[in-house]
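We use all heavy atoms of the structure for the numbers below, so side chains are in, but hydrogens, waters and symmetry mates are not.
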2 protein chains.
Amino acid sequence: MTSLAEENYLKAIYKLQEKHGDIVSTSALAEMLEINAASVTDFIKKMAVKKLISYQKSKGVRLSEQGRQIALSIIRKHRLWEVWLVNKLNFKWDEVHEIAEQLEHVVSNELIEQLDEHLGYPKTDPHGDLIPDAKGRFAKNSSKPLLDHKVGDKTKFVGVAEHSNSFLQYLTKTISSWAMNCWWNPLRNSITVSR
Amino acid sequence: MTSLAEENYLKAIYKLQEKHGDIVSTSALAEMLEINAASVTDFIKKMAVKKLISYQKSKGVRLSEQGRQIALSIIRKHRLWEVWLVNKLNFKWDEVHEIAEQLEHVVSNELIEQLDEHLGYPKTDPHGDLIPDAKGRFAKNSSKPLLDHKVGDKTKFVGVAEHSNSFLQYLTKTISSWAMNCWWNPLRNSITVSR
DNA sequence: ATATATATTTAGGCTCACCTAAAATAATAT
DNA sequence: ATATTATTTTAGGTGAGCCTAAATATATAT
């Protein structure tokens, strides 16, 4: 059984691997989890023993296949719960993250599969992020950055790359007359769009 | 903030007070929570300091008003989640308890109020137990024990007093041609009914 | 009333997941 | 290449929530 702490570490490592490449440093993890780096070192040693990650002293960590599958199952749950909160309970897209962070740790395969069905097997969450299936597979993402479009192009917003509540609220306000969802890369300071 | 352990203790004390009167013994609590009595003694001392319960050495515990309110909010959440699982996700009434035990600890007032609305403000859970409102108040229960009825009486099952999965399954099978819900008192070995 | 049985508490210990401070290692600047 | 800075690890410690074994308090039987 994987603990709450382990699940949070696995999710954080997954996200950091996605963003900054294959290997994740102790300090990056510590910052994301808001946990002291010394504590992180401690914990990842234990996770390595359990084969959830591979770890070489002073050289950062990487998810094992087992760790990746668990991380994906947490992400799947998180995103399905977000869809539920928005589509069924009328929450706004900037109000769901904190609640989903709690719900994602509830353990029951039947629950999550029933929820998936109840929601009509959504492919993406309210921010446009893809929802992995029960086996951890993603559908293909056909969306393109806004920058790849020209002025006058007709297109459809499907999601954002920046998830902070403040940005989501900003977007809701400034483009409330547009579609609700769009891709935005804060590094490039760009809002982007798909077909 | 109340911890997971505290919430479980409060819920257990509430249930034992309901069944066996005002004061709850260390051993009764220990048995219900499947925790060693020595650990329970330890823990209730801390809860007393926090004014969640009143406690006199060797004389058992009783919920404070604050403790009672928290217990009721957990019970409210538990029962609302059970309604959701049965009515929206098609679970059977004998499949929902374990999942609701996890969901009841999710913290968000907005969530629980939205859920209540989503479900149409149900008064009872799938087993017929009353759902307290946000302030911890119960609606009046007009149901009567089956024993109070005579052979030939026309009536409506609304709930069970015994919640074990095995009994629920038994009932589902044996009276699947009747209504689904009924009151049953295992101490008196009786199934009972309301109008 | 005393002996026996049962319930409760005390004392000491454990694991988990965190912490700080100091030491060791790695990266960067001169 | 060496000094400085930043990162990572080690060592020692903490609180929460549990444990067992032993001591004490309470209830029951004779």
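A:Ser39 comes within 4.0 angstrom of a nucleotide base, judged by non-hydrogen atoms across all strands. Residue contacts for A:Thr41: at a heavy-atom cut-off of 4.0 Å it reaches a base atom on one of the strands shown. If you check every strand for non-hydrogen atoms under 4.0 Å, A:Ser27 touches sugar and phosphate atoms only.
A:Val61 is connected to A:Leu72 through a chain of hydrophobic side-chain contacts under 4.5 Å among Ile, Leu, Val, Met, Phe, Trp and Tyr, so both are in one cluster.
Taking atom CG of residue A:Leu4 and atom P of nucleotide C:dT15, one finds them 21 Å apart after rounding to whole Å. In this structure, the CG atom of B:Leu29 is 11 Å from the P atom of C:dT9, given to the nearest Å. Between the CZ atom of A:Phe43 and the C1' atom of C:dC16 there is a distance of 8 Å, rounded to whole Å. As a whole-Å value, the separation of B:Asn36 CG from C:dT6 P is 18 Å. Taking atom CG of residue B:Asp42 and atom C1' of nucleotide C:dG12, one finds them 11 Å apart after rounding to whole Å. Taking atom CE of A:Met47 as the reference point, atom C1' of C:dC16 lies 14 Å away to the nearest angstrom. We find that CD of A:Glu7 is positioned 16 Å from P of C:dC16, with the value rounded to whole Å. Between the C1' atom of C:dT10 and the NZ atom of B:Lys46 lies a distance of 14 Å, rounded to the nearest Å.
Side-chain atoms of A:His127 and A:His97 include no donor-acceptor pair closer than 3.5 Å. Side chains of A:Gln114 and A:Glu110: a donor-acceptor N/O pair is absent below 3.5 angstrom, by distance only. With no hydrogens or angles considered, no side-chain donor-acceptor pair links A:Gln102 and A:Glu98 at under 3.5 Å. For the 3.5 Å distance criterion, the side chains of A:His105 and A:Asn8 qualify, holding a donor opposite an acceptor.
Applying the 4.0 Å criterion to OP1 and OP2 of C:dC16, one finds that A:Ser3 has every side-chain N and O outside that range. Contact check, B:Thr26 against C:dT9: a side-chain N or O comes under 4.0 Å of OP1 or OP2. Contact annotation: B:Lys57 reaches the phosphate of C:dT10 (side-chain N/O to OP1 or OP2, under 4.0 Å).
Taking the six-membered ring where tryptophan is involved, the planes of B:Trp81 and A:Trp84 are tilted, since the angle between them lies from 30° to 60°.
Taking a heavy-atom distance under 4.0 Å as the criterion, the stretch of DNA chain D touched by chain B extends 5' to 3' from D:dG17 to D:dA21.
Around atom CD of A:Glu65, more than 12 heavy atoms belonging to other residues, nucleotides or ligands sit under 6.0 Å away.
Heavy-atom distances to DNA chain C give each of A:Ala38 and B:Ala38 a nearest nucleotide, and the one nearer the 5′ end belongs to B:Ala38.
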